[in-house]
Structures are given as C-alpha cells and as structure tokens.
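Every chain is numbered from 1 and lettered A, B, ... according to where its sequence line falls, protein lines coming before strand lines.
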Amino acid sequence: MIGTTGTPHMKDTVNPSQVTAMLRTAAGQIRARHQLLTDLDSVTGDGDHGTAMLRSMDALEQTMDAMPEAELKEVLAKSGWAVMSAAGGSTGPLLGTFFIGMGASLGEAGQLDGAALSAMIRRGVTEMQKHTQARIGDKTMMDALLPAVATLEQHDESTPPARLLQLAAESAALGAEQTKDMLAKFGRARNLGDRVLGHADPGATSMALILAGFAEALNES
Amino acid sequence: MIGTTGTPHMKDTVNPSQVTAMLRTAAGQIRARHQLLTDLDSVTGDGDHGTAMLRSMDALEQTMDAMPEAELKEVLAKSGWAVMSAAGGSTGPLLGTFFIGMGASLGEAGQLDGAALSAMIRRGVTEMQKHTQARIGDKTMMDALLPAVATLEQHDESTPPARLLQLAAESAALGAEQTKDMLAKFGRARNLGDRVLGHADPGATSMALILAGFAEALNES
Amino acid sequence: MKMKKFINDPTQLTSELLEGFALAHGDMIAVSPERLVTRVRPKSPDKVSLVTLGGAGHEPALSGFVGEGMLDISVVGDIFAAPGPPAVLEALRQAKRDAGVLFVVLNHAGDVLSGNMALQMAESEGIKITKVVTHEDIAAGPGTPDADRRGLVGCVALYKIAGAAAEAGKSLEEVAAIAERLNNNMATLAVAMKAATHPATGEALFELPDDEMEIGMGQHGEAGTGPSPIRSADETAAIMMENLVKAIGAKAGDRLLVILNGAGATTLMELYIVFRGVKKYLDQHGITIVASHVGELLTVQEMAGFQMFAAKMDDELLDLWKAPCNTPAWAVK
Amino acid sequence: MKMKKFINDPTQLTSELLEGFALAHGDMIAVSPERLVTRVRPKSPDKVSLVTLGGAGHEPALSGFVGEGMLDISVVGDIFAAPGPPAVLEALRQAKRDAGVLFVVLNHAGDVLSGNMALQMAESEGIKITKVVTHEDIAAGPGTPDADRRGLVGCVALYKIAGAAAEAGKSLEEVAAIAERLNNNMATLAVAMKAATHPATGEALFELPDDEMEIGMGQHGEAGTGPSPIRSADETAAIMMENLVKAIGAKAGDRLLVILNGAGATTLMELYIVFRGVKKYLDQHGITIVASHVGELLTVQEMAGFQMFAAKMDDELLDLWKAPCNTPAWAVK
Ligand SMILES: Nc1ncnc2c1ncn2[C@@H]1O[C@H](COP(=O)(O)OP(=O)(O)O)[C@@H](O)[C@H]1O
Ligand SMILES: Nc1ncnc2c1ncn2[C@@H]1O[C@H](COP(=O)(O)OP(=O)(O)O)[C@@H](O)[C@H]1O
Ligand SMILES: [Mg+2]
Ligand SMILES: [Mg+2]
Ligand SMILES: [Mg+2]
Ligand SMILES: [Mg+2]
C-alpha cells in the first residue's frame with residue numbers, strides 16, 4: 001500500500017473520521033471471525049466470547065451511528081460505556097475500558113499524528129491494567145495488547161500512522177498466537193489446567209483482530 | 001399322588017399344621033419366581049411387584065415363626081396385618097386382606113375338611129372384593145382368584161382337599177395365563193393401554209403361584 | 001453400571017431419606033417408626049386435623065408440607081408405593097379428636113386401597129373422619145370418570161387451603177366443604193421431557209425419544225396423550241393452559257390460582273419462562289392470575305417436565321391460600 | 001436436535017425469565033430495564049442496604065433472595081455472565097443512603113471485574129460502600145490465595161446473615177464485620193455427577209463418564225480434583241465434610257451451619273440421605289449442627305450434584321441466620 005496513499009501530510013496524521021473508520025473496520029474483523037472466537041471459548045471457557053464480541057461491536061457501531069456530529073473523545077467514552085452494558089462476562093468491562101481509555105487520551109477535535117495515535121491505544125491498555133493483573137504469559141487479552149504496546153513504544157513520531165498500526169497489529173497477532181502454549185491464569189480458563197494447551201486464548205485473538213482492523217482501515221484509506 | 005397317601009381320614013381333612021405348610025410352600029413358590037414377577041411388573045407397571053411379594057412372604061413367615069403355639073385363625077389375622085405393613089402399593093393391602101379373610105372363616109382349632117378349606121379360600125377372596133371392583137377380564141389378581149373360586153364352588157364335600165386345591169390352582173394358572181390378552185383396567189397398568197398386551201398380569205401370576213403352593217403342600221404330604 | 005444418584009443401599013432409601021429429613025427439620029417435624037411424619041408442635045386439639053398418605057420419591061411432597069397451616073400427619077410409603085393400611089390407621093388414630101379428621105387421598109390405586117381400608121377400620125373405632133380424594137389430572141380427557149383421574153400436585157394446594165381453614169378453627173364440615181369446592185374447581189396437566197431413574201431399581205421410569213416431549217404423562221411415567229415434537233415454552237404453556245381453562249370452565253373475569261410444579265430436572269428458569277407464557281395466554285382470554293406458585297412441590301426424581309395446575313378462586317379460597325404456613329418445604333408469612 | 005428445555009428464543013432467555021419472575025413475584029420484587037431486581041417495599045432508608053450481582057441461569061439465585069431480611073438489589077447478567085459495570089453502578093446509585101451499602105461480590109472473574117469498576121465509579125460519586133468478596137470454594141486446596149477461590153453457595157448464607165444484621169439496624173461497619181466474620185469461617189465444596197446443558201448454546205457444560213463423579217467441580221463446569229468412581233452417599237458426605245471441617249478448622253464442640261445446595265437434577269431425597277451421612281460424620285467428631293438448609297438455592301441448570309457448605313457459628317451469627325426473612329425463594333418466620 002505504501003506509495004499509493006495521498007499527500008505527505010495525509011500519511012503523517014489521521015483525522016477523526018479515519019479513527020471511526022478504524023473502529024468500524026475492527027468491528028468488521030470481529031464479525032467475520034466471531035465463530036472462531038466462540039469455538040476457542042468453547043474449549044478454554046464457556047463458549048460465549050463470540051457472542052460477547054458481536055454484541056460489543058453492535059454497541060460500538062450503534063453508538064457511533066447515534067452521534068455522528070459528536071467529538072471523537074465523547075464517541076469513544078459513550079461507546080465504551082455501551083460495550084460494558086451490552087456484553088457481560090469479562091469482555092464487556094475490559095473492552096469497554098479500552099475504548100473509554102482511548103477516548104480519554106484525546107484532546108479536542110483535530111488531526112492525530114503517530115504519537116497521538118500511539119498514545120490513544122496505549123492509554124486504552126493502561127486503563128485496562130487498572131482492572132486486571134494479567135501480564136504476558138497469563139493467556140488473556142493482555143498477551144495481544146502488551147506486545148502491541150511495546151511495539152508502539154519502540155517507534156518515534158517519525159513512523160507514519162498506518163505503518164505504526166501495521167506493526168502493532170503484527171505484534172498483537174504474534175502475541176495471540178503464542179497464547180496457544182500458555183496455561184491460563186485468569187478468567188474461566190484458569191480452572192481447566194492443561195486442557196487449554198494448544199488453543200489460542202479467545203480474548204487475545206479478539207484484541208489481535210481489533211488491532212488488525214485498525215491497521216487495515218489506515219492501510220486501505 | 002392319589003393312592004400313595006395315608007388313611008382315608010387323612011385324605012379327607014387337613015390339620016392346622018398342614019395349612020401352615022400350605023402357606024410356607026406358597027412362600028417358596030413366590031421366592032422361586034420373584035424375578036419373573038418383577039419383570040412382568042416392569043413391563044406393565046412399576047417393577048416393584050417381585051419385591052412387594054418377597055416382603056409379603058417374609059412378613060408371613062416371620063409372623064408364623066413368632067407364634068408357633070397360636071390358633072391358625074389368629075396366625076392368619078396377624079400375618080395379613082403384617083403383610084399389609086410390609087408391602088406397600090396394591091399388593092400389601094390386597095394380599096393382606098386375603099389372609100385376614102382366610103383366617104376369619106375359621107372356627108376354633110381342628111381339622112378342616114374340603115368344605116372348610118374351600119370356604120377359607122373363598123372368604124379370603126370375598127374380603128378382597130370389598131376393596132376392589134376388579135372383575136374377570138380387568139387384568140388383576142382377580143383373574144387368577146375368581147376362576148379358582150368358581151372351581152371351588154363347583155365341587156362338593158366329597159372331593160378330597162388335595163384334589164380340590166389342585167383343581168383350584170389349575171384354574172388360577174389358566175386365569176393368570178389369560179391375562180396376557182387383556183388390557184388393564186386397574187392399577188398402574190391401566191395407564192399403559194395396549195402396551196401391556198402379551199404380558200401376563202404380575203398380580204394374577206402371584207396369586208396363581210400362591211394357590212400352586214397351597215396345592216403342592218397337600219399333594220406332597 | 002452405578003446409578004447417577006447419591007444413595008447408599010437402594011433397599012433403604014425411604015428410611016434413610018426420612019432419617020435425614022427428620023435431622024434437617026427437627027424443629028418442625030418428627031418421624032415415627034411407622035413412618036408417620038408429625039408436627040413437633042401439635043395443632044390445638046379443638047381444631048380439625050389433616051392426614052394424608054403417599055409413596056416417597058416425590059420430595060418435598062408429601063411430608064414437606066407437614067406443619068403449621070398445612071398437614072398434621074403424612075404417612076410415608078416406599079418409593080412410589082402407598083404405605084400399608086396399618087400405618088395409615090395408626091395415623092388416623094393419632095389424629096383423632098372431637099373436631100374430626102380431614103383425610104386427603106390422592107387418586108392412585110394403592111393409595112385409595114390402603115386409605116379406604118384404614119378409613120373403614122378407623123371409623124369402626126369411632127374416629128370422626130371425612131375423606132377427600134384428589135383426582136384433578138385432566139390427561140385422560142373430558143368425561144373421564146373421577147375414579148380414573150389421577151391426583152397430581154393439586155393435593156398441595158388442597159393441603160394449603162384446607163389446612164388454613166382448619167388452622168382458623170373451622171368445623172370438619174366447613175373444612176371438608178372448602179376442600180371439595182377447591183377439588184371441584186381445580187385441574188392439572190403434566191408434561192414430560194426426559195425420564196427419571198427409579199432410585200431403587202436404577203431403571204428409567206419411561207422412555208421418551210431425544211426430540212420429543214409428552215403432555216399428560218403421569219408422575220410415575222403413566223402414559224399421556226402421546227409423544228409430540230418438542231414445542232416452545234410459549235406453545236406448551238398455551239396448549240396446556242387452554243386445556244386447563246376448558247376443564248375448569250374458566251371464563252373472562254375469572255380469577256385463577258396457577259401453580260407450575262417442576263418435576264425435578266426442569267429448571268426454575270424454564271418454569272418462569274413458561275409462567276410468562278401462561279400469563280400471556282390468560283391475558284388474551286381476560287382471565288386473571290390472582291395467586292401463583294412456581295417451583296418444586298411434588299417431584300418425580302430427576303424427571304424433566306412439570307405439572308401445570310389451575311384452580312378457580314373465590315375470596316375465601318384466596319384468603320386461605322394466602323394465610324400463613326410454616327412447613328419444611330413452604331413458609332408463607 | 002432441540003434442547004430438552006422449555007424455552008422460546010435462546011437469545012432472550014434472561015429477559016423472559018426475568019419477566020416471568022416479576023410476574024410470579026410481583027408482590028415482593030420488581031425488575032427494571034437495566035435488569036435490577038429490587039424490593040417493591042424498600043427497606044427503611046436509615047438501614048444499610050445490600051447489593052449483589054451475578055449471571056442468570058442459577059435460579060433461584062441470586063435474585064430469588066431479594067426481599068425483607070436479605071438483599072435490596074440484585075443485578076442480573078446474561079446466562080452465567082456478569083452484568084456490565086453500568087448496570088451495577090446504577091444499582092449502587094439506587095441503593096445509596098447515609099447508612100451505606102454492603103456490596104457482595106462472588107469471586108468469579110467477570111463479577112469481580114464488573115463489580116470493581118462500578119464500585120470505583122460509585123465511590124467517586126460519593127456513595128458509601130463496603131465490598132465483601134465471597135471466595136469460599138476449597139476445591140483448589142489449602143493455601144490457595146483467596147483471589148483464586150471461587151464464590152459458591154456461601155453468598156446465600158452471607159445475604160441471609162448480613163441481610164438480617166442490616167434489617168436489625170446495625171451500622172455499615174457492624175454489618176460488614178459480621179459479613180467478614182462469616183466469610184472467614186465458611187467453606188464450600190461441590191460435587192458433580194451429570195453435566196448440565198447451557199440453555200443458550202445447547203452444549204453440555206462439561207463431560208463426565210457414566211460411572212464417574214467429580215468432587216470440587218465449580219458451578220460452570222470448572223475442573224475439580226479430578227473424576228472418581230461414583231461413591232455412596234455416606235462416603236461422599238464424609239469425604240466432603242472432612243475437607244470442609246479441615247478448611248474452617250472446626251473442632252469438637254464447635255457449632256456448624258450446614259447447607260446442602262442441590263445443583264438441579266439431584267433430588268431432595270438424595271440430599272436428605274447425604275445430610276444423614278454428614279450428621280453421622282460430624283457426630284463422630286463431636287461437632288454439632290446448630291442450623292441447616294437442604295434444598296436448591298443456587299443451581300447450575302439441570303446439573304446433577306450438589307454443593308456442601310459449612311460455617312462455624314457463634315451466637316450472633318446463629319441468631320441472624322434464624323431471623324425472619326421473606327423473599328421469593330426463601331421465607332423464615
Ligand atoms: N483478568 C483478565 N484480564 C484480561 N483478560 C481477561 C481476564 N479475564 C478474562 N479475560 C479475557 O476474557 C476472555 C473471555 O471473555 P468472555 O468469554 O467474553 O468472558 P467470560 O470468561 O466471562 O465468559 C478470555 O479469553 C481472556 O482473554
Ligand atoms: N384394584 C385392584 N384389584 C385387584 N388387583 C389389583 C388392583 N390394583 C392392582 N392390582 C394388582 O396389583 C398388581 C401390582 O402390584 P404391585 O406392583 O405390588 O403394586 P403397585 O401397582 O402399587 O406397584 C397388579 O398386577 C394387579 O394384579
Ligand atoms: Mg466466555
Ligand atoms: Mg408395581
Ligand atoms: Mg408400586
Ligand atoms: Mg461467560
């Protein structure tokens with residue numbers, strides 16, 4: 001895609017409507033794979049993760065649809081809250097917090113450069129960490145998110161947003177893949193011992209898909 | 001057996017200890033066939049008839065054991081009561097009544113001629129009839145007992161007791177056999193409609209065994 | 001293969017269950033060697049007493065309803081089997097009082113037989129007794145003689161209402177009249193989804209294919225109206241309530257007591273969903289639910305299914321239904 | 001193949017169940033659109049209120065215990081799933097009062113997450129709240145940190161005892177201290193015999209061979225101490241109670257509250273037989289049962305099995321346990 005995109009300025013920043021496109025593309029990624037998420041949760045948990053993610057994405061998009069004129073900051077805060085209401089279990093609170101955190105990092109309307117985009121995603125994860133002790137290796141969403149954050153932190157403002165998200169999404173995908181070899185320390189899967197070996201964590205898979213959606217949106221635009 | 005037995009007097013009457021032998025032999029018949037009774041009740045009812053009959057026979061023999069010196073009249077009354085306590089469902093009350101009725105027909109100790117023996121069994125059935133409306137063709141105990149009673153009524157005092165009981169037992173066996181072609185009108189089997197066709201009624205089978213035991217005892221003695 | 005039940009000796013089920021029951025509820029009931037379950041604080045002797053009988057295996061019924069405002073004595077038989085006449089007679093003797101005894105018998109062959117024998121003997125001893133036989137199962141269809149209709153969960157409503165009348169000090173004639181009024185205005189229909197295991201024999205009580213249910217099946221697997229495909233909760237509720245409404249002749253404006261009695265494995269979740277369907281059906285027909293109970297009163301081991309009960313209420317029946325009671329299985333404040 | 005359950009739309013289970021629940025118990029509780037179950041006659045505002053949260057599918061728990069003497073608000077999630085923080089926050093807002101709120105959370109990942117988020121927000125709004133987390137499952141073995149021990153049926157005992165303390169007008173500090181005293185002296189162990197069907201997906205919650213049972217299995221099929229052959233009721237009772245006694249450090253002379261909580265398909269008959277075994281075991285060890293409850297409080301659909309709960313009682317805890325309550329699922333006079 002590099003080289004096919006627009007002006008240098010367009011490459012270095014994204015505007016709020018591109019961020020909403022990122023969110024919608026993430027929702028599309030989840031919709032396309034929800035059966036996989038359910039299947040993974042059927043092995044390692046209680047089989048409701050696909051449904052929880054679908055409901056979360058419905059809530060996200062319905063919130064965005066309902067406030068087309070609003071500030072991105074506010075849209076993300078409302079979306080996060082809606083996700084929390086729509087999906088129970090572990091997904092709703094954590095994913096909702098992720099979106100609320102993303103929103104909290106934003107200032108007033110305007111373009112986001114690579115640093116702001118990186119800060120937005122990192123803040124989402126930081127807020128989640130206020131509510132979970134899970135670290136790398138615990139077979140949770142954090143196994144996708146924390147490698148992505150590490151990647152984001154390794155890059156400075158010079159990296160264009162699309163490239164930055166591409167790299168983060170790749171780290172998240174790799175992190176999710178590595179959960180296959182992990183025993184679970186959190187959530188319902190914890191109680192299953194080594195029955196979960198060989199299966200990726202559903203939450204980590206979801207978060208990798210979300211970041212893949214973010215990257216896809218910018219790399220297509 | 002005719003001709004091998006003792007004095008003419010012995011052939012014409014039975015004494016109380018022969019009646020208790022009749023009861024014990026009847027118990028033996030039931031013990032030998034209780035699995036069949038359970039199997040029949042599993043098809044046409046709730047599968048507890050074999051157990052109910054075993055408990056009844058235990059109660060009968062324990063009562064007899066406990067009062068070796070008592071009048072037969074009293075032994076039968078107590079036994080009937082014990083059977084009622086020991087076996088629930090339909091069996092306990094009906095079979096208990098049968099024994100109580102048998103006892104009620106007896107006078108003071110002494111020999112029983114054919115007429116007295118016939119009266120004893122008929123009275124047992126008459127008492128049962130105070131508590132059940134079941135008639136021939138309803139697929140119950142009565143299908144064994146009523147033909148036996150009819151046979152007893154056809155014979156006068158001249159028929160020797162052993163022969164009399166033999167004939168009654170044969171009628172009962174035939175009656176029980178005929179229940180295979182009947183739909184049930186009483187008891188649990190009633191609700192099963194034509195699922196019971198081809199299977200003999202467990203209660204009729206039991207009563208035929210009891211009468212077979214009575215006859216066996218006299219024909220061996 | 002072992003049964004999937006927590007038991008010890010299959011021949012001792014009833015004794016052990018009663019032992020545990022007495023230990024768990026020693027503050028309310030006691031169990032005698034004849035298997036009579038009695039109140040530890042007997043009702044005042046100038047009030048009518050209530051006696052009933054029936055087989056074990058239907059817990060909490062019947063003995064769970066012995067206590068203030070309901071039964072005085074329950075006579076317990078073996079699993080699914082009536083107790084014998086001697087025990088029932090003993091119960092009637094213990095219940096004897098000038099005010100008289102209301103004797104509630106569910107219409108099942110063994111219970112009726114045993115009950116009648118005991119009743120005859122008790123009456124010959126001068127005990128004042130009025131018998132009520134419940135036979136509210138409508139599975140056999142309209143026009144079926146009472147003698148051929150089984151007694152299902154309706155007995156519990158009768159214990160409650162007649163028990164409250166007795167507790168209120170009404171005479172035997174009054175209590176019996178109230179009981180019969182309820183008895184003539186109530187109906188039950190059962191539905192089965194999965195069979196139960198007989199806890200003594202380990203055998204399935206009946207067979208039902210994986211994709212079928214059966215409306216009208218009795219509490220021991222007695223045949224109903226024949227198997228049907230599995231229907232939704234709403235359809236099941238409507239079909240069953242339609243038949244009940246017809247059976248008791250309920251019309252727009254009538255007030256019903258509705259009971260959904262879980263058979264064992266059917267969840268309370270399902271029963272509430274069915275109850276919602278019942279309400280929808282009755283709303284459409286202008287019939288009001290003035291009282292209800294959703295839960296397990298009379299079970300059939302781990303059978304899946306339930307019994308749906310409806311009774312036309314008048315003010316007096318309703319007040320008695322709502323009166324306080326305090327028993328192991330049910331307390332109303 | 002259709003599920004053997006009486007349901008309509010598998011995606012509407014919780015809404016329909018709550019609708020039926022509200023219809024059946026409209027005299028005691030109401031259900032709001034956010035799925036808060038509240039009392040229709042609120043507790044006087046000068047008394048501490050009790051709020052809890054948890055997934056549906058465990059009926060009568062948790063919402064069956066909303067009412068006089070127990071809970072003020074229960075927040076209901078989807079089948080086996082915690083409700084989201086917004087609904088929980090709304091509950092804490094509605095429960096807000098000067099006397100304060102006792103917030104009871106069962107230790108399950110989703111519940112804790114959602115509870116903590118809501119708590120944080122509520123506290124930032126100035127609502128006075130003390131949180132109690134129940135984590136009395138001992139299946140994970142001694143020495144397991146509290147955070148890794150699940151909350152099982154013990155929450156119901158806690159609702160009862162803390163609820164009675166609140167109803168008696170005790171301060172939030174006192175109510176919380178009582179709740180924590182119980183919490184520190186209670187333990188639960190579960191046993192499973194047959195799997196349940198998830199009512200939304202139709203899948204078995206777990207697998208268990210025909211001739212095996214599993215002690216320690218959680219209420220969503222979480223692994224226990226591994227399958228074992230089916231044991232007798234007495235053996236099962238002794239093994240389980242031995243572990244509970246160890247866990248709470250009960251000694252001869254101690255007084256216990258014992259609860260046998262049926263998982264769904266296990267009959268009351270079996271539970272009474274097990275209770276008899278528990279009593280035998282405790283008698284041998286000189287430990288007294290001063291209070292007990294045998295029945296279904298917190299189920300797992302039609303799972304066969306039960307949870308055995310024991311708590312060391314003192315006079316105050318015992319009085320509170322015996323205090324009156326009046327809720328859809330449980331009344332004490
Ligand atoms: N404490 C936690 N921290 C981070 N992620 C968690 C935690 N607990 C659970 N998860 C994630 O949630 C996923 C399961 O989500 P979901 O199935 O929707 O919830 P539940 O476990 O309540 O059914 C797990 O795969 C895991 O990634
Ligand atoms: N009313 C009745 N009159 C005569 N016999 C009856 C009657 N009801 C049932 N029986 C007999 O009882 C038998 C069943 O006995 P049993 O299995 O011990 O009792 P239950 O039916 O209570 O389980 C039936 O086979 C039938 O012969
Ligand atoms: Mg899940
Ligand atoms: Mg039988
Ligand atoms: Mg029987
Ligand atoms: Mg879940």
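Within the structure, side chain to side chain donor-acceptor pair (under 3.5 Å) pairs that include any residue of residues 74-86 of chain A do not occur (at least two apart or interchain). Listed by first and then second residue, the side chain to side chain donor-acceptor pair (under 3.5 Å) pairs involving residues 79-94 of chain D are D:Glu90-D:Gln94, D:Arg93-D:Glu125 (not counting sequence neighbours).
Chain D is approached within less than 4.5 Å, heavy atom to heavy atom, by A:Pro93, A:Leu94, A:Thr97 from residues 91-106 of chain A, ordered by number.
Environment of CD in A:Gln133: sparse, with no more than 12 heavy atoms of neighbouring residues, nucleotides or ligands closer than 6.0 Å. Open room surrounds CD on D:Glu207; 12 or fewer heavy atoms of other groups in view lie less than 6.0 Å from it.
Using a 4.5 Å cut-off between heavy atoms, D:Leu89 contacts chain A through its side chain alone, with no backbone atom that close.
The nearest pair of heavy atoms linking A:Ser90 to D:Leu113 is O-CD2, 3.7 Å.
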Cut-off 3.5 Å, no hydrogens considered: what does the side-chain donor-acceptor table look like for residues 165-172 of chain A, sequence neighbours left out?
residue  : atom : partner  : partner atom : Å
A:Gln166 : OE1  : A:Asn219 : ND2          : 3.0
A:Gln166 : NE2  : A:Glu170 : OE2          : 3.2
A:Ser171 : OG   : A:Thr151 : OG1          : 2.4
A:Ser171 : OG   : A:Leu167 : O            : 3.2

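Of the residues considered (D:His198, D:Arg35, D:Met117, D:Glu34), D:Met117 shows the highest number of contacts with chain A, using heavy-atom pairs under 4.5 Å.
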Point to revise | From CA spacing to verdict: side-chain contact (heavy atoms from CB on, under 4.5 Å), A:His131, D:Val112 | key: CA-CA 9 Å; A:His131 297 287; D:Val112 169; over 6 Å; no

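Rounded to the nearest 0.5 angstrom, A:Lys130 NZ and D:Gln120 CD are separated by 7.5 Å.
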